[in-house]
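Quick caveat, the model's predicted, so the values are computed rather than measured. In what follows, every heavy atom counts, from backbone to side chain, and hydrogens, waters and symmetry copies are set aside.
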Amino acid sequence: MDKAFFLTMYDYNFWAHRRVWTCVLQLNETQFRQELDYSVGSIFMQVVHTMGVEYWWLHFLCEGVYDFINPDDYPSREAIRARWDDSERYIRAYLQSLTDAELQREVKPRFWDDHEPAIPVWQALTQVANHSTDHRAQTLAGLHRLGAPTVGQDYLDYLHREM
C-alpha cells in the first residue's frame with residue numbers, strides 16, 4: 001500500500017458520497033428522518049454516521065484525538081454537507097502528507113478491548129473506506145425503500161466517469 005493508492009481510494013470514496021448525496025437531496029424532510037429498521041436507522045443517521053466515522057478515525061490518525069460527532073449538531077442537510085466538505089478537505093490534506101512510515105505506524109483506539117491488536121495506519125484507512133462503502137449501500141437501499149432515486153457507486157463507474 002502506498003500514498004497513491006489511498007489518494008485514489010479516497011477520491012473514489014468522496015465521488016461516491018456525492019453521487020449518493022444527490023439522491024438524499026430528493027427526499028423530503030419526513031422521509032430524510034423516517035426511522036428505517038436496518039443498520040443505524042434513518043437516512044439522516046446513515047449519512048451523519050458515515051461522515052462522523054470518517055472524521056473521528058482521520059482525526060484520531062492525524063492528531064490522536066477522539067472527537068465523536070453528535071448528530072444533534074447537524075439539524076439540516078446544509079449543516080451535514082458543510083461539515084462533510086470540511087472533513088473531506090481535512091482528510092485529503094492528511095492523505096497528501098502520507099509517507100511509508102506513516103502507513104506502517106501502528107494505532108489502537110483506547111476503547112478497543114485488550115485482546116484486539118493495534119493495526120497499521122494503512123489498515124485503518126482501508127477500514128474507513130470500506131465502512132463508508134457499506135453505509136452508502138445501506139443508504140441506497142433505504143432511499144429505494146422510500147421511493148427516492150438511486151445511483152451506482154461501482155469503482156469501475158468512478159474509473160470510467162466523464163472527466
(message) Testing the basics here: between Asn13 and Ala129, what is the closest heavy-atom pair and its distance to 0.1 Å?
(response) OD1-O, 4.1 Å
(message) So that I can tick it off, tell me whether Asp11 and Arg92 are bridged by a salt bridge, with the cut-off set at under 4.0 angstrom between side-chain N and carboxylate O.
(response) yes
(request) Identify whether the distance between the nearest side-chain nitrogen and carboxylate oxygen of Arg18 and Asp85 falls below 4.0 Å. (result) yes
(request) Is it possible for you to say whether Tyr38 and Val47 belong to one hydrophobic cluster, with membership spreading through side-chain heavy-atom contacts below 4.5 Å? (result) no
(request) Give a yes or no on whether the ring-centroid distance for Phe111 and Trp56 is below 6.0 angstrom. (result) yes
(message) Nearest 0.5 angstrom please: Leu140 CG to Thr150 OG1, how far?
(response) 6.0 Å
(request) Measure across Met9 and Leu125 and return the closest heavy-atom pair with its distance rounded to 0.1 Å. (result) SD-O, 4.4 Å
(request) Could you walk me through whether Ser132 and Glu54 pass the side chain to side chain contact (heavy atoms under 4.5 Å, CB included) test, one step at a time? (result) CA-CA 8 Å; Ser132 293; Glu54 285 181 358; 2.5 Å; yes
(message) Whether the side chain of Arg161 engages the backbone of Trp15 through a donor-acceptor N/O pair (distance < 3.5 Å, no angle test) should be reported.
(response) no
(request) May I ask you to test the Ile43-Gln31 pair for a side-chain heavy-atom distance under 4.5 Å? (result) no
(request) Taking the side chain as every heavy atom from C-beta outward, state whether Tyr155 and Thr133 have any pair of such atoms under 4.5 Å apart. (result) no
(request) Answer whether the closest heavy-atom distance between the side chains of Phe6 and Thr126 falls below 4.5 Å. (result) yes
(request) Report yes if the side chains of Val121 and Gln104 come closer than 4.5 Å at any heavy-atom pair, otherwise no. (result) no
(request) Working to the nearest 0.5 Å, report the span between CG of Leu58 and CD of Glu88. (result) 11.5 Å
(request) Can you see which heavy atom on Gly142 is nearest to which on Leu36, and at what distance? (result) CA-CD1, 3.7 Å
(request) Check whether Val65 and Val107 end up in the same hydrophobic cluster, where Ile, Leu, Val, Met, Phe, Trp and Tyr are linked by side-chain heavy atoms less than 4.5 Å apart. (result) no
(request) Would you please indicate if the ring centroids of His59 and Tyr66 are separated by under 6.0 Å? (result) no
(message) Please report the interatomic distance CH2(Trp122) to CD(Glu106), rounded to the nearest 0.5 Å.
(response) 11.0 Å
(message) I need the Phe44 CZ to Ser76 OG distance, nearest 0.5 Å.
(response) 9.5 Å
(message) On a heavy-atom basis, which atom in Cys62 and which in Tyr90 lie closest, and how many Å separate them?
(response) CB-OH, 3.2 Å
(request) Write down the atom of Val40, the atom of Met45, and the distance for their closest heavy-atom approach. (result) O-CB, 3.4 Å
(message) Using modelled atom types and a 3.5 Å cut-off, is there a donor and acceptor pairing between side-chain atoms of Lys108 and backbone atoms of Pro117?
(response) no
(request) Quick one: closest heavy-atom pair of Ile69 and Gly52, and the distance? (result) CD1-CA, 3.4 Å
(message) If you apply the rule side chain to side chain contact (heavy atoms under 4.5 Å, CB included), what do you find for Thr139 with Leu143, and how did you get there?
(response) CA-CA 6 Å; Thr139 299; Leu143 287 163; 4.0 Å; yes
(message) Taking the basic N atoms (NZ, or NE/NH1/NH2) and the acidic carboxylate oxygens, is any pair closer than 4.0 Å for Asp37 and Arg145?
(response) yes
(request) State whether Arg89 and Asp86 are salt-bridged, where the test is any N-O pair (Lys NZ or Arg NE/NH1/NH2 against Asp/Glu carboxylate O) under 4.0 Å. (result) yes
(request) Give a yes or no answer on whether the side chain of Arg105 reaches the backbone of Pro120 with a donor-acceptor pair at less than 3.5 Å. (result) no
(request) Please test Phe32 against Gln26 for side chain to side chain contact (heavy atoms under 4.5 Å, CB included), starting from the C-alpha separation and ending with a verdict. (result) CA-CA 9 Å; Phe32 183 58; Gln26 303 303 307; over 6 Å; no
(request) Inspect the contact between Arg81 and Glu78 and indicate whether a charged nitrogen and a carboxylate oxygen are less than 4.0 angstrom apart. (result) no
(request) Decide if the gap between the ring center of His131 and the ring center of His49 is smaller than 6.0 angstrom. (result) yes
(message) A quick test of your reading: do over 12 heavy atoms of other residues, nucleotides or ligands sit less than 6.0 Å from CG of Asp113?
(response) yes
(message) Less than 6.0 angstrom from the centroid, inside 45 degrees of the normal: does Arg136 satisfy that with respect to the ring of Tyr12?
(response) yes
(request) Determine, for Arg77 against Glu29, whether the closest basic-nitrogen to carboxylate-oxygen distance falls under 4.0 angstrom. (result) yes
(message) With heavy-atom distances below 4.5 Å as the criterion, would you say the side chains of Val151 and Trp21 are in contact?
(response) no
(message) Tell me whether the NZ or CZ atom of Arg83 lies within the 45° cone about the ring axis of Tyr55 and under 6.0 Å from its centre.
(response) yes
(request) Before giving the answer on side chain to side chain contact (heavy atoms under 4.5 Å, CB included), spell out for Gln138 and Ser39 the whole-Å C-alpha distance, their side-chain angles and the decisive distance to 0.1 Å. (result) CA-CA 7 Å; Gln138 293 169 17; Ser39 185; 2.3 Å; yes
(request) Find out whether Leu103 and Phe5 are in side-chain contact, i.e. whether some heavy atom of one side chain is under 4.5 Å from a heavy atom of the other. (result) no
(message) Measuring from atom CG of Asn28 to atom CZ of Arg33, what distance do you get when rounded to the nearest 0.5 angstrom?
(response) 12.0 Å
(message) Angle between ring planes, His17 versus Trp84, binned at 30° and 60°: parallel, tilted or perpendicular?
(response) tilted
(request) Could you grab the distance from atom CD of Gln34 to atom OG of Ser42, nearest 0.5 Å is fine? (result) 9.0 Å
